[in-house]
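Every chain is numbered from 1 and lettered A, B, ... according to where its sequence line falls, protein lines coming before strand lines.
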Amino acid sequence: MTDIQTAPPAPETPAPPASRGGRFVIFGLSLSLGALIAWIALIALLAIVALSMFRNAQNPAAEGNVAPDFTLTTFSGEQISLADLQGKVVVVNFWASWCKPCEQEAADLETAWQFYRPRGDVVFLGVDYVDTETEAMAYLEKFDITYPNGADLGTRISQAYRIKGVPETYVIAPDGRLAGARIGPFTSLAQIQAMIDPLLSP
Amino acid sequence: MMQPSLPKFKSIGWLVLANLVLAILLFGVAHAQKSEPVGVTDDQINAVAKQLYCPVCENIPLDVCPTQACAQWRSLIGEKLAAGWSEDQIKDYFVAQYGDRVLATPPARGLNWLVYIIPPVAIILGAFILYRAMRGWRQPASASRQVETGSGSSGDEYVTRLEEELRRR
């Protein structure tokens, strides 16, 4: 058996620190700087995702809620603010010239507008969604639409109302609250009147 | 008497037919000019269109989107190019009309910054975690190798003492 060279016992040295860098103790957990940054980044990311999901879950355009305010710049350059129409029933119709179902209700909407127009307490507004002005103007001319219409600039109005497509119509009561919504086209004048009439004072 | 006048009628007939063909051709050309802006090719339109997305058809670039809405947008791009607008001017116009979300590359402002920051930060963080983990795996492996070889000189103190005790007996 060969003589094995043995090293003298190592002197008792203090235990090295768990990390070379400084450590942070949070809620009883000892974290290195890198781990701390990683946790903060992860929590911040989760918070942003949660906030986004929470906002998506909320529907500001639900019946009974105050209708999201907006200002519509009409094709003729006039600015119409929803806030200025308090005390009136407002019918907000989202449409587009490329939308075939919109054509189904175009004539009925114009007829309804002509029906309520003399009263003065019902306002129709057309919001042209993701459209080109030339085609939009041709559409308005084709269906003889006379109530105010304008482009949804920056798609801000459609985003505020969380529309899923066109056509969609929102009826706002005189107190500024959403009284009803129609997803898809109206198929008759009676359907439009059924949404407006209960909101009118006799 | 009728015989000599026949060629004349024939030539008039050919003349009318030729005029009709010419009229149809001219009408066709005029029609084509109306639907496609003068001096602008489809490639030029698509070069701009592929940088845009129509909000109606999510995740489909405008240059390949088959809907009528997108066809109208491409036509609009053609009109703007024919009017001498630059690519940036057209994109700015579309952003003003339809919002930031029409852009294929979101502008670096507001929450959009996250799109640019998160991927590189995640890669760097992942690499760092991997580096730390690999270093952790290598240390125990090298320590166990030293125990197996039994060199003892700089290895486990317990093994060294054990060997020393055995040698004394």
Side-chain angles (χ1 to χ4, degrees), chain A residues 1-13 19-21 32-42 44-45 47-49 51-52 55 73 94 96-100 102-103 128-136 138-139 150-160 163-166, chain B residues 52-58 62 65 67-80 93-102 111 113-115 117-118 121-122 124-129 131-132 135 150-169:
Chain A
M1 196 169 176
T2 55
D3 193 32
I4 299 171
Q5 194 73 28
T6 56
E12 290 293 323
T13 52
S19 170
R20 286 182 184 84
S32 65
L33 182 63
L36 183 70
I37 291 169
W39 275 107
I40 289 172
L42 184 67
L45 187 65
I48 290 166
V49 171
L51 187 69
S52 169
R55 285 179 63 183
T73 305
F94 290 92
S97 68
W98 43 261
C99 158
K100 289 293 168 194
C102 299
E103 294 182 1
D128 184 23
Y129 174 71
V130 186
D131 210 348
T132 49
E133 191 167 334
T134 314
E135 275 78 9
Y139 177 95
D152 180 17
L153 291 176
T155 62
R156 281 186 284 272
I157 305 173
S158 53
Q159 285 186 65
I163 71 161
K164 299 279 185 282
V166 279
Chain B
L52 298 169
Y53 283 73
C54 158
V56 181
C57 336
E58 284 179 3
L62 190 59
C65 180
T67 64
Q68 192 190 340
C70 292
Q72 287 180 7
W73 276 31
R74 284 195 295 270
S75 172
L76 185 62
I77 291 170
E79 284 170 24
K80 300 292 182 196
Y93 171 81
F94 272 82
V95 168
Q97 288 289 314
Y98 312 111
D100 282 344
R101 60 182 174 152
V102 300
L111 275 180
W113 269 109
L114 291 174
V115 175
I117 290 173
I118 288 175
V121 166
I124 292 167
L125 206 64
F128 176 70
I129 290 167
Y131 165 74
R132 290 285 299 266
R135 209 174 62 167
S151 59
S153 59
S154 60
D156 196 319
E157 189 187 339
Y158 174 77
V159 175
T160 312
R161 284 188 178 179
L162 185 67
E163 283 177 348
E164 196 176 341
E165 287 296 320
L166 285 169
R167 210 168 37 248
R168 279 180 192 165
R169 286 180 187 184

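- Heavy atoms closer than 4.5 Å to chain A are found in the side chain of B:Phe128, but not in its backbone.
- Ranked by heavy-atom pairs shorter than 4.5 Å toward chain A, the options B:Arg101, B:Gln97, B:Gln72 are led by B:Gln72.
- Formation of a donor-acceptor pair under 3.5 Å by the B:Tyr98 side chain with backbone atoms of A:Tyr129 is not found in this model.
- Of the inter-residue distances, the one linking B:Leu125 atom CG with A:Leu42 atom CG reads 9.5 Å to the nearest 0.5 angstrom.
- For A:Gln159, the side chain to side chain donor-acceptor pair (under 3.5 Å) partners at least two apart in sequence or on another chain are A:Thr155.
- Per-residue counts of heavy-atom pairs under 4.5 Å with chain A were compared for B:Ala71, B:Pro55, B:Cys54; the largest is that of B:Pro55.
- Heavy-atom distances place both the backbone and the side chain of B:Ala69 under 4.5 Å from chain A.
- Taking each heavy atom of A:Trp98 and B:Gln68 in turn, the nearest pair found is O-OE1, 3.6 Å.
- The contact between A:Asp152 and chain B is made entirely by backbone atoms, counting heavy-atom distances below 4.5 Å.
- Scored by the side chain to side chain donor-acceptor pair (under 3.5 Å) test, A:Glu135 finds A:Thr132 as partners (sequence neighbours excluded).
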